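Note that ligands are numbered from 1 as they come in the structure, with each ligand's atoms numbered from 1 the same way. Worth saying up front: this structure is predicted, and the values here are computed from it rather than measured. For the numbers below, each heavy atom of this structure counts, side chains included, while hydrogens, waters and symmetry mates do not. The first residue of the sequence shown is numbered 1, and numbering continues consecutively from there.
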Amino acid sequence: MIHTKLDPFPKDFLWGSASAAYQVEGAWNLDGKGKSVWDEFVRIPNKTFKGSNGDVAVDHYHRFKEDIALMAEQGLKTYRFSIAWTRILPDGRGEINQKGLDFYSDLINELLKYGIEPIVTLYHWDLPQALEDAYGGWESRQVIQDFTNYAKILFDAYSDRVNYWVSLNEQNVFMMHGFLMASHPPAVTDPKRMYAANHIANLANASVIKAFRDGKYPGKIGPSFAMSPAYAVDCQPENVIATENMLDLFTNFWMDVYVYGRYPKVALKNLAKNGLAPVFEAGDEDLLKAGKPDFMGVNYYQSMTIASNPLDGVTMTGEANYSGKKGTTKEAGQPGMYKIVSNPYLEKTNWDWTIDPAGLRISLRRISSRYDLPILITENGLGDFDTLEADGQVHDQPRIDYLKTHCLAIQEAITDGVEVLGYCTWSFTDLLSWLNGYQKRYGFVYVDRDETNEKELKRYKKDSFNWYRDVIRTNGASL
Ligand code: BG6
């Protein structure tokens, strides 16, 4: 559809920005916080870029008032952040740490003081290490109850002030990195264990949503999915089949479970044939069906272009471009299924991620058609090297271009008929990129630190800060 005129953004559109606890807070061992799996993982040599970690991160724990004042100055309508499970329950279960509860209560109040709507992510990858040690974390069904109890503590404490909840952030990413590519904790390469753990995460996600409904808490809840729409490299039928493989096994595979409580048939048959299918126990099906979300959270960065992959073809390794040296990404895929290839029509970032605003529109259209749910865009942004000039300015025009074209793509999707609740850029301040250190920056606010030197962690507004302020003030009319 080519529109001659775009519909305006809805009046109450949630213009926002996002972060995650481990990537911004720091204070990793303060005020009673327990250790998460990331607190341990970053200490294993060669796991992260230059051994970077979130011990201090950008010190949001101590500077949240300063950061929120900047959000207010920019005019943010919403801020999405995650809660560190180990601040609330240092061992993942048992005794509550009041100081942890108080920290997030203060943070929520500070946001509300400026009329900024909090969107709270329950889980953004920082599983309590104690649960990993006790029963293997996501690999044990015990985590379902523990995650649900933790979520209920948060619902009880904050649902008088929080209207939007994200259950799991990017289950597809933390499962594949954790259990297939060994690049996130628990750093395993075992597809059978991945599908088993993933099934348990599905049950935990559904259980938390069910608890939210049963408790009659006000507000809306949904997971955030890392969406990369798959394009066939050309119209050769084998490449189109490979794209269907990608869709069923790596896209619908998660979202169908969230919405319909079942796995795509083709995916399940394939897993069963290879001895990888998750084991269903009595009650699983009912629980999955009881976990239908209110919205689909979408994290969108790039599209993927797909070609067929022979049985002895490339595999999914943990290797990727974590350095920012353009062109260092190698082909990866699932033998006999599909592989990800370069798209000659698209520009790429320094980390070889495609820049494809139309891919966001396509994602929104596909999700809306298949699931008929409102969509909350919970992440979108450009990771780039930014330069702090001597006069304290940061001219991040590539970020403005990236965000502008993606906002326009959202407006096109809205004009197409998709219901979009809001848009959170990634990220508000610069923050720690899990595997790429501090040099891959995403924020509107530059934080002066690098992998080896925390410096004073001073904040500087980038050009994109003012640009987004105008977009918000005009509700998108300035785009
Ligand atoms: C998403 C995550 O996958 O992408 C974020 O939810 C992450 O936590 C973001 O930081 C960007 O990825 P990266 O690898 O560039 O930091």
Side-chain angles (χ1 to χ4, degrees), residues 16-25 36-38 41-42 47-50 52-54 57-58 60 79-84 119-127 166-178 181 183-185 201 222-228 250-251 254 296-304 318-326 328-329 332 348-355 359-360 363 376-386 398-399 402-403 406 423-444 447 451:
S17 201
S19 72
Y22 187 71
Q23 297 178 273
V24 292
E25 285 179 4
S36 80
V37 289
W38 274 91
F41 183 72
V42 292
K47 287 294 184 194
T48 61
F49 182 70
K50 292 189 178 170
S52 52
N53 63 52
V58 295
H60 182 65
Y79 173 54
R80 171 185 175 232
F81 62 92
S82 81
I83 291 185
I119 298 178
V120 176
T121 307
L122 303 175
Y123 182 78
H124 202 124
W125 304 354
D126 43 0
L127 186 80
V166 172
S167 44
L168 292 179
N169 179 70
E170 296 189 352
Q171 184 185 334
N172 53 330
V173 170
F174 76 77
M175 280 297 153
M176 289 183 64
H177 277 271
M181 304 191 280
S183 40
H184 282 195
S224 279
F225 182 71
M227 176 73 179
S228 289
F250 297 95
T251 303
W254 278 277
M296 187 65 74
V298 171
N299 292 356
Y300 175 80
Y301 291 89
Q302 58 172 332
S303 58
M304 280 184 186
E319 284 172 54
N321 171 356
Y322 296 125
S323 62
K325 287 196 189 84
K326 215 170 180 167
T328 54
T329 299
K348 297 192 183 82
T349 71
N350 287 314
W351 279 261
D352 296 324
W353 293 21
T354 58
I355 300 178
L360 176 54
S363 300
L376 183 59
I377 300 165
T378 38
E379 285 180 34
N380 173 241
L382 174 71
D384 206 359
F385 299 109
D386 290 328
R399 179 164 301 104
Y402 181 100
L403 296 176
H406 285 75
Y423 173 64
C424 292
T425 69
W426 187 263
S427 51
F428 183 70
T429 61
D430 288 340
L431 41 71
L432 171 70
S433 170
W434 305 90
L435 301 177
N436 307 277
Y438 290 93
Q439 65 163 6
K440 191 181 187 188
R441 296 173 181 273
Y442 280 94
F444 293 122
V447 179
E451 286 79 26

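The shortest distance between side-chain heavy atoms of Asp430 and Tyr438 does not fall below 4.5 Å. Side-chain contact between Leu382 and Tyr442 is absent, with no heavy-atom pair separated by less than 4.5 Å. Considering only heavy atoms from C-beta on, Asn172 comes within 4.5 Å of Phe225 through its side chain. When side chains are defined from C-beta on, Arg441 does not count as touching Asp384, because their heavy atoms never get closer than 4.5 Å. Between Asn169 and Glu379, the closest side-chain pair of non-hydrogen atoms falls below 4.5 Å.
Note on ring orientation: taking the six-membered ring where Trp is involved, the planes of Trp38 and Phe41 are perpendicular (angle over 60°, cut-offs 30° and 60°). Using the six-membered ring where Trp is involved, Tyr22 and Trp434 have ring planes that are parallel, under 30° apart on the 30 and 60° scheme.
The nearest heavy-atom contact from the protein to atom 6 (O) of ligand 1 is Glu379 OE2, 2.8 Å. From the protein, the heavy atom lying nearest to atom 9 (C) of ligand 1 is Tyr301 OH, 3.3 Å. Atom 3 (O) of ligand 1 has Glu170 OE1, 2.5 Å as its closest protein atom, hydrogens excluded (heavy atom only). In this structure, the protein non-hydrogen atom closest to atom 10 (O) of ligand 1 is Gln23 NE2, 2.9 Å.
Heavy-atom contacts of Trp125 reach the following atoms of ligand 1: 2 (C), 3 (O) (cutoff under 4.0 Å). Atom numbering of ligand 1 starts at 1 in the shown order; those under 4.0 Å from a heavy atom of Lys440 are 13 (P), 15 (O). Near Asn169, with a cut-off below 4.0 Å to any heavy atom, the atoms of ligand 1 are 6 (O). The contact set between ligand 1 and His124, taken as ligand atoms under 4.0 Å from a residue heavy atom, comprises 2 (C), 5 (C), 6 (O), 8 (O).
Pairing each heavy atom of Lys440 with each of Gly383, the nearest pair is CG-CA, 3.9 Å.
The parts of Ser433 lying near ligand 1 are both backbone and side chain, judged by heavy-atom distances below 4.0 Å. When non-hydrogen atoms are compared, ligand 1 lies under 4.0 Å from the side chain of Trp353 (C-beta onward) but not from its backbone. Residue Leu431 does not touch ligand 1, judged by heavy-atom distances below 4.0 Å. With a heavy-atom cut-off of 4.0 Å, Tyr442 touches ligand 1 through its side chain alone.
Between Tyr300 and Trp426, the ring centre distance reaches or exceeds 6.0 Å.
For Asn436, the heavy-atom gap to ligand 1 drops under 4.0 angstrom. Heavy-atom separations between Leu435 and ligand 1 are all 4.0 Å or longer.
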